[in-house]
Number of protein chains: 2
Amino acid sequence: MLLDLNDWRLNPRKAVAPQLRVILRSRIVRNQLKPSSRLSESDLAKEYQVSRQPVREAFITLEHEGLLEIRPQRGTFVKPIDVNSVLGGRFVREAFEADVVHNLAQTPDTSLIKELRSQLKEQAAIADVNPAKFIELDEVFHETLAIAAGIEQAWGYLEAVKAQMDRVRFISFVEFPIHTLIAQHGQIVDKIEEGDADAAERSMRRHLKEILNSLPRIQQLYPQYFAGGGGKVNDP
Amino acid sequence: MLLDLNDWRLNPRKAVAPQLRVILRSRIVRNQLKPSSRLSESDLAKEYQVSRQPVREAFITLEHEGLLEIRPQRGTFVKPIDVNSVLGGRFVREAFEADVVHNLAQTPDTSLIKELRSQLKEQAAIADVNPAKFIELDEVFHETLAIAAGIEQAWGYLEAVKAQMDRVRFISFVEFPIHTLIAQHGQIVDKIEEGDADAAERSMRRHLKEILNSLPRIQQLYPQYFAGGGGKVNDP
DNA sequence: ACTATCATACTTCCATACAAGTCAACACTC
DNA sequence: GAGTGTTGACTTGTATGGAAGTATGATAGT
């Protein structure tokens with residue numbers, strides 16, 4: 001889902017439109033297609049050697065996901081990052097994952113703990129080597145929690161939420177204190193293992209508030225990627 | 001959003017595809033287009049006097065929303081209700097709205113309370129007259145809370161979640177204890193007014209667990225609308 | 001009676017042509 | 001020079017024909 005799809009190759013056996021959707025989505029989230037830049041149906045059609053129609057259909061789904069803005073008869077543009085959307089998404093995600101770890105801590109599972117600790121080692125190993133890869137591992141970590149809580153289905157609803165947050169992270173890796181994030185992961189695992197549901201929830205909420213620290217700085221460093229003013233969003 | 005769009009005329013000035021998306025979405029959520037029933041691009045194109053392309057584009061977005069299932073070269077079908085999707089969505093929504101009222105109760109706003117109490121009266125007045133209209137008012141109630149909490153943006157992320165839950169409610173109004181729901185609304189408002197954040201959160205969680213009571217009964221009464229449970233399943 | 005093959009009528013998916021709106025450049029009028 | 005209308009090259013939106021795949025039923029063969 002978050003894979004790097006630079007080496008795109010369309011599989012001619014499968015439908016083209018869904019493949020284009022995944023490829024373009026990856027290129028936008030990874031900040032390879034810059035916010036406010038123009039995307040032309042015809043140009044992309046030529047680039048991928050297909051007709052305009054499948055490109056167009058990919059555009060439509062990506063607009064629905066909040067990554068593109070289609071202005072009829074005007075053009076299609078990569079949507080600038082809307083701070084309120086990021087903050088709103090972050091709120092949803094915090095609420096969701098707080099409940100997830102709260103549930104998990106009430107019935108700790110040793111095999112889950114073992115798996116999570118294994119992932120922590122991977123994260124630490126890759127941290128200074130390949131930050132983009134760390135983001136993938138981070139996603140796996142959180143998804144593992146959701147699946148363990150038995151609500152894999154629910155995790156899918158957060159796709160759009162994660163996309164908006166990931167866009168911010170891909171703009172500037174250096175602004176994110178990866179080792180802090182990993183330490184927070186460790187704390188969450190600890191609290192789940194201890195069976196302290198409230199503490200686990202607090203750890204997760206603190207963890208997911210981390211982006212609030214870096215977001216203003218990133219917005220200041222890269223104002224060209226953002227749109228509108230960052231209003232205030234209340235947080236628990 | 002949830003409006004009844006039975007007698008809807010296409011506005012020829014605006015793009016057709018988005019209008020079709022809204023119309024079809026409404027017809028599916030309101031259970032006018034039955035689960036597992038077949039939708040044909042050509043038929044709908046004739047029905048709305050347009051070409052197949054805009055119909056197709058509407059299909060694609062609705063599939064992405066989990067309301068349709070497009071089987072290539074086979075047909076397009078209204079997706080049967082997946083209980084796990086409903087439960088997962090319910091989980092997300094409970095987590096979200098619990099945090100919303102928790103925040104609201106920490107800084108009670110008298111004008112908000114007044115507005116909510118006014119809505120409660122409306123709900124009570126319509127309860128026995130028009131259950132479909134009550135669902136609309138219910139949506140307004142919850143949305144009002146989200147907006148008051150300053151996270152209108154986040155509310156948009158829950159569109160798909162609400163759609164799945166609403167489908168269940170539209171299958172059978174009688175299974176839902178509307179007066180109980182209204183009483184729960186009242187309790188939530190009370191606790192916000194009292195400034196008791198934890199109690200407000202508990203009330204909201206109890207309220208959003210109400211669907212768990214009726215879901216099994218509805219599934220048993222209308223197995224043909226659900227996937228993978230009780231209905232005649234023709235698996236290979 | 002039973003099975004395999006093939007014709008046919010569907011379906012979605014893609015390519016192409018055209019329609020309609022937008023915007024910038026440019027000539028023209030005042 | 002300032003303002004205005006026009007042209008033309010763009011854009012996305014829609015219509016339509018055909019390609020490829022799938023289900024169904026008739027038919028031939030055993």
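In what follows, every heavy atom counts, from backbone to side chain, and hydrogens, waters and symmetry copies are set aside. Every chain is numbered from 1 and lettered A, B, ... according to where its sequence line falls, protein lines coming before strand lines.
A donor-acceptor pair under 3.5 Å links the side-chain atoms of A:R90 to the main chain of A:L208, judged by distance alone. Judged purely by atom type and a 3.5 angstrom limit, B:E139 has no side-chain atom pairing as donor or acceptor with the backbone of B:I135. Of the possible polar contacts, none joining the B:Q164 side chain to the B:A160 backbone as a donor-acceptor pair under 3.5 Å is found.
When the P atom of D:dT12 is taken as reference, atom CZ of A:F59 falls 7 Å away, rounded to whole Å. What separates CZ of B:F77 from P of D:dT22 is a distance of 13 Å, to the nearest Å. Atoms CZ (B:R71) and P (D:dT22) sit 12 Å apart, rounded to a whole Å. The interatomic distance linking A:K14 (NZ) with D:dG21 (P) rounds to 15 Å, in whole Å. Between A:I70 atom CD1 and D:dC10 atom P there is a gap of 21 Å when expressed in whole angstrom units. Atom pair B:L39:CG and C:dT11:C1' shows a separation of 13 Å (rounding to whole Å applied). Put simply, CZ on A:R38 is 12 Å from C1' on C:dA24, counting in whole angstrom units. Atom CD of A:E69 is separated from atom P of D:dT11 by 17 Å (rounded to the nearest Å).
In summary, A:E47 and A:R27 engage in a salt bridge, as defined by a charged side-chain N under 4.0 Å from a carboxylate O.
Comparing C:dC14, C:dT12, D:dT12 against the side chain of A:R56 picks out D:dT12 as the nearest.
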**OP:** Under the ring-ring contact (aromatic ring centres under 6.0 Å, His included) rule, what do B:F96 and A:F91 come out as? Steps first, then yes or no, please.
**Re:** CA-CA 8 Å; B:F96 174 77; A:F91 183 98; 5.5 Å; yes
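Here B:I60 lies out of heavy-atom contact (under 4.0 Å) with every strand.
Taking side-chain N and O atoms only, B:S40 has no distance below 4.0 Å to OP1 or OP2 of C:dC10. At the phosphate of D:dT12, OP1 or OP2 sits under 4.0 Å from a side-chain N or O atom of A:T76. Between A:R74 and D:dT12, a side-chain N or O to OP1/OP2 separation shorter than 4.0 Å is absent.
Residue B:V50 is the one, among A:R13 and B:V50, whose nearest nucleotide of DNA chain D lies closer to the 5' end (criterion: closest heavy atom). The 5' end of DNA chain C is approached more closely, in terms of each residue's nearest nucleotide, by B:D43 than by the other of B:D43 and A:P72.
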Close N or O pairs between protein and nucleotides 16-19 of chain D (under 3.5 Å):
from   : atom 1 : to    : atom 2 : distance (Å)
D:dT16 : O4     : B:Q53 : OE1    : 3.3
D:dG17 : O6     : B:R52 : NH2    : 2.7
D:dG18 : O6     : B:R52 : NH2    : 3.1

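Side-chain polar atoms of B:T144 and B:E115 form no donor-acceptor pair below 3.5 angstrom.
Minimum interatomic distance between A:V100 and A:A149 (heavy atoms only, all atoms of both residues): CG1-CB, 3.9 Å.
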